Structure formats: C-alpha cells, structure tokens
2 protein chains.
Amino acid sequence: MCEARLLSVCKAVPEADLARLAGTTTMIELDKGQVLIREDDPSAYLFNVTAGALKIYKLLPDGRRQVLGFLFIGDFLGFGGQTNYGFTAEALTPVQLCRFPRQRFMRLLDECPSLEHEVLGKASSELSCAQEHMVVLGRKTARERIASFLKDLSIRTERLDRSIEQIHLPMTRTDIADYLGLTTETVSRVFTEFRQQGRIRLEPDGNVHLLDPSGLEAIAEGKEPRSRERTPARK
Amino acid sequence: MCEARLLSVCKAVPEADLARLAGTTTMIELDKGQVLIREDDPSAYLFNVTAGALKIYKLLPDGRRQVLGFLFIGDFLGFGGQTNYGFTAEALTPVQLCRFPRQRFMRLLDECPSLEHEVLGKASSELSCAQEHMVVLGRKTARERIASFLKDLSIRTERLDRSIEQIHLPMTRTDIADYLGLTTETVSRVFTEFRQQGRIRLEPDGNVHLLDPSGLEAIAEGKEPRSRERTPARK
DNA sequence: CGACACCTTGACCAACGTCAAATCCGGTGG
DNA sequence: CCACCGGATTTGACGTTGGTCAAGGTGTCG
C-alpha cells in the first residue's frame, strides 16, 4: 500500500494478487551515497523506486566510469543480466524502495500476465531510452549532449511534477559528465556558455531554470548551425 | 515450421498455440540494401530474423547516423516504441524474416506466458547489450572500441557457428564507424594498426581472423597500458 | 576495360581532454 | 557570528585523439 503505487509496476497487479506481492516485499531506505546493488553481484532482488533518486553505472578496470542512467520515483530496477546485476546502483539522495525477491517476483509473473505486460513495457521503454542515449554518446557534440540532457530531465520532471521549465539536478557535474561521455570541465564550460547566452539559470542548490526551452531543443536535435555542415559538395 | 525455430521466440510457444501464431505469420525476404522498417513509421509488425543480417540505426536531422546494432539469425525486432518504430532497419545481406502482426502478437502474449517470458528475456538481454555499448560509446578509445566490436562479433558468431577466431563482417567500414561513434578513416586506421601488430588478418571478402584474441580482449577491456604498442608484429 | 563503391593513407586541425589553480559553498567548531 | 575546511565547481593554458579534407588504391561487375 505504498504511495507510489500508481507510478510503479504494482499498478498492474489486480487486488487479488496484491497480497501475495506485498507478502514478499520489503521497504528499503538508503542514505545519499549508499550503494544499493553492486555490478556482478548475484541479482537476488528487484526494486521499485518510491522516493528519491539514484544513479546506475558501470566501471572499467582502470576506473573510467559510464553512468547508464538516473532513476527516479516509479522506476523499476533489476532486469537485464539474468543471474547477476549488470551495473552498480547508488543513491543520489535519501532513497526509498520496494524490494522484491527475484525468484518470487518471476514466479508471480507467470500467474499475473498484466504484471508481466507492465514489466515488458518498462523494459521496452528503457531500451528505447538506451537507444536514444546511444545517439547522444555516439554522434552528438558536447553542447548537444548537455542540451539533450536538460531536455530529457525536463520531460521526466514533467511526468511527475508539472513544472517543465524548472528542473532539479541531484547529481554532481562528474555524474553528468560520466553520463554524457564528457569531463566535468566540459560540462561546466557548456553550462557557463548556456548561462551567458541566457538559455538557463543555475541556482546554487541544483535547481535549473530553462529560460529558452525551444533553443535548447534545437541544439539538442542538432538543428543548430554547426561550424561545418555536411552539405552537397561546394566545389 | 521454419528452420530457425529453435533460435527464435517461437521456441517458447507450445505446440497447441503454434498454429495460431503461424496463421498470422508471413515469411518476408529482402535484398541487400532494402529497408525493412523506417524510423517513426507506425509499428504494425514485429519480426524475427531467420537468415541474413541487418543493421538498425537512427538519424539526426543533418544526416549524422548512429547504428544501434546489427541483427542476425534468431534476433527479434520491433519492441521499443509502443506505437512507432524507434529506428530504421536495413538489410546488410539478403535477409529472411518472420513477420508477425503486432496486435495479434500482443494478444497471443496474454494467452501464452512462456512466449511473453521469452520476449521479456530478449528485451532484457538487448537492454544489457545496449548498456554495455554505452560504455563503449561514452568511455572507450578508438582502439578499445574496435577491439570490443571484434570481440562481440566473435562471441555472437560462436553462439551460431562454432568458429570463434574467424568472423565475417557483412557491414561496411562506414557502418562500423557509425556503430562505434567513429569515422571510416579511424576505423580503417585501427584495423591497419591491428593488422600490422599481428592481431588480426583481414581478407578482402570481409572475413577476419582474430590471431590474438586475448590481446584484443585486453585492449577491449581497457586493461592495456595506455602508452604505446606491444608484441612484435608478425606479418 | 572502365565505372563505381569501398577502403586506405597522409597532412592538417579542432573539439574536447588534461593539468593546474582559483573560487564557491555548505558544514563545523570556536 | 565568523573563521576555517574540504569537496564541488569554474576558469585558464595547453596537448592529444580522432575528425576533416584530399588523394590514391583495390575489387567487382557490366
């Protein structure tokens, strides 16, 4: 009977089965900075975020880090690797989650097709997000990456709150850099550039106002004039 | 009753339901270069590759391209965007596919939990692949990207054929570049470097021999000293 | 044999990374 | 209330990886 139920996978579970789900579910709380799951650990549990924000990331042996995404209320966490987690998850803020034992949850899927539908839907939309992010990482410039990032957060914020032109960044510049395949310095420089251009306003507490959403949108989509464009040969 | 059945999602369908699935399924064939689905088109069908290879990609307005992946026999294609495709799919070789009407297929999922399990499994493992590729795109050098690419193909080849140290590249250098977030020139230069170091042998028909799998593995994982070359060139 | 698409190679260059230092800011303790 | 500390952020100078541009090579097919 959690408050986030309408946002979570649980919304797909009919009343009759809800008790069974609840019986095996534990409420978990984490402080900022605490690690929820560790890459390559056996995936004994699945989770549903009911409050707060997390980052998930993978590490290379030499310490390079790729942040795969940020999770907020309603996000589901755990599918992917069949037997072991494929990434580390760490709290960006104090976090509250529902924890489901993996085996039990999987068994419940058999008996509750609407739940499996819901989970498949979550997996599909995560896959879409991942594919969109590949475009960002593979083909966009630093400015385009930052603009895409701000736009994405704005859209996700919109789905929860209603304010679309003010967003909150619970993560550090380093997290953003590791998400976008950049360095903190580059992230900082682009933020400064956008600020000086009047496109955003940065507050010290991590709030950001999008003063020029459509301009950011244009940059994000690569519709902005770039110095050199691939146009039909000029000679 | 297709030959690829044991590799495809259909393997999860019990005999009883198989007729219903078959009744709505069409066999599709494409020539090299033909487009199967186009980004943003309504997703009326889902597909299962039964022969050949395809690439899937997204385009930016100015023509920049990100190849999201390559599909081979057994790969499933179509989930993701709920109502429209999220990418274009184009044949790299002559291709054969099973085509399922989306609506019908979705309805069949309700009645056949093992099929839905299978699809969810495919979606999950695609998500894992996508996340792994984010690390490649966001945090690896050109050499590491190429080494990762060769290793991935080697592992996928292993699952189908048995040869792990000889792989085939049905795609062009440009496709590889657009998959790895590089340019054709860089891909070509790294191939040349690996060839000169005796790590690979390139044949004109697209076959590649991995002469030094463990060296490539080390490079792919970023375990290689970031400095200069290694091992004497064997040519 | 020639056209064409693909691939390789070379010279140059710029976007972004690296390294270093200054600044900001929240928290802590006197 | 204020001085101080440490981590986060910003800013600047400079370097490098990989992109750009251009030319030439190679294989295929009609």
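On a predicted model such as this, the values are computed, not experimentally measured, just so you know. Reminder, nothing fancy here: chain letters follow the sequence lines and each chain counts from 1.
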Q. Under 3.5 Å, side chain of B:Gln66 to main-chain N/O of B:Asp178, donor-acceptor pair present?
A. yes
**Q.** Sub-4.5 Å side-chain heavy-atom contact between A:Met134 and B:Val136
**A.** no
Q) Please give, in whole Å, the distance from D:dG19 P to B:Arg64 CZ? A) 13 Å
Q: Compute the angle between the rotation axes at the two ends of the helix from C:dC1-D:dG30 to C:dG30-D:dC1, each taken over five pairs, rounded to 10 degrees.
A: 30°
(Q) Run the side chain to side chain donor-acceptor pair (under 3.5 Å) test on B:Arg102 and B:Ser43 for me, step by step, so that the C-alpha distance in whole Å, both residues' side-chain angles and the decisive distance to 0.1 Å come before the verdict. (A) CA-CA 7 Å; B:Arg102 187 176 203 290; B:Ser43 51; 3.2 Å; yes
Q) So, is the end of the B:Arg99 side chain (NZ or CZ) under 6.0 Å from the ring centre of B:Phe47 and within 45° of the ring's axis? A) no
Q: Please report, rounded to the nearest Å, how far the C1' atom of C:dG17 is from the CZ atom of A:Arg145.
A: 12 Å
(Q) Does the structure place the NZ or CZ of B:Arg65 under 6.0 Å from the centre of the six-membered ring of B:Tyr57, at an angle of no more than 45° from the ring's axis? (A) yes
Q. Could you state the CG-P distance from B:Asp175 to C:dA5, rounded to the nearest angstrom?
A. 15 Å
Q.
Whole angstroms only, please: what is the CD-P distance between A:Glu193 and D:dT11?
A. 12 Å
Q.
Closest-nucleotide mapping onto DNA chain C: is A:Leu182 or A:Pro204 further toward the 5' terminus? I mean the 5' end.
A. A:Leu182
What does the list of N/O pairs under 3.5 Å between the protein and nucleotides 7-10 of chain C look like, with a distance for each?
| residue | atom | partner | partner atom | Å |
| --- | --- | --- | --- | --- |
| C:dC7 | OP2 | B:Arg173 | N | 2.9 |
| C:dT8 | OP1 | B:Arg173 | NH2 | 3.4 |
| C:dT8 | OP2 | B:Arg173 | NE | 2.8 |
| C:dT8 | OP2 | B:Ser188 | OG | 2.8 |
| C:dT8 | O5' | B:Ser188 | OG | 3.0 |
| C:dT9 | OP2 | B:Thr192 | OG1 | 2.5 |
| C:dG10 | N7 | B:Arg189 | NH1 | 2.9 |

Q | Non-hydrogen side-chain atoms of B:Pro213 and B:Arg199 separated by less than 4.5 Å | A | no
Q. When the distance from CZ of A:Phe194 to C1' of D:dT9 is rounded to whole Å, what number comes out?
A. 17 Å
Q.
Is there a side chain to side chain donor-acceptor pair (under 3.5 Å) between A:Lys58 and A:Thr88? Walk through the geometry before answering.
A. CA-CA 6 Å; A:Lys58 288 167 86 82; A:Thr88 300; over 6 Å; no
Q. Only one of A:Arg195, A:Arg201, A:Gln197 forms a side-chain contact (heavy atoms from CB on, under 4.5 Å) with A:Leu211, so which one is it?
A. A:Arg201
Q) Counting only N and O atoms by type, is there a donor-acceptor contact under 3.5 Å from the side chain of B:His133 to the main-chain atoms of B:Leu180? A) no
Q: With heavy atoms under 4.0 Å as the rule, sort B:Gly206 into base, sugar-phosphate or nothing.
A: nothing
Q. Can you check the A:Lys140 NZ to C:dC16 C1' distance for me, whole Å?
A. 18 Å
**Q.** Whole-Å gap separating P (C:dC25) and CG (A:Asp205)
**A.** 11 Å
Q) Taking CD from A:Glu144 and C1' from C:dC16, how many angstroms apart are they, rounded to a whole number? A) 14 Å
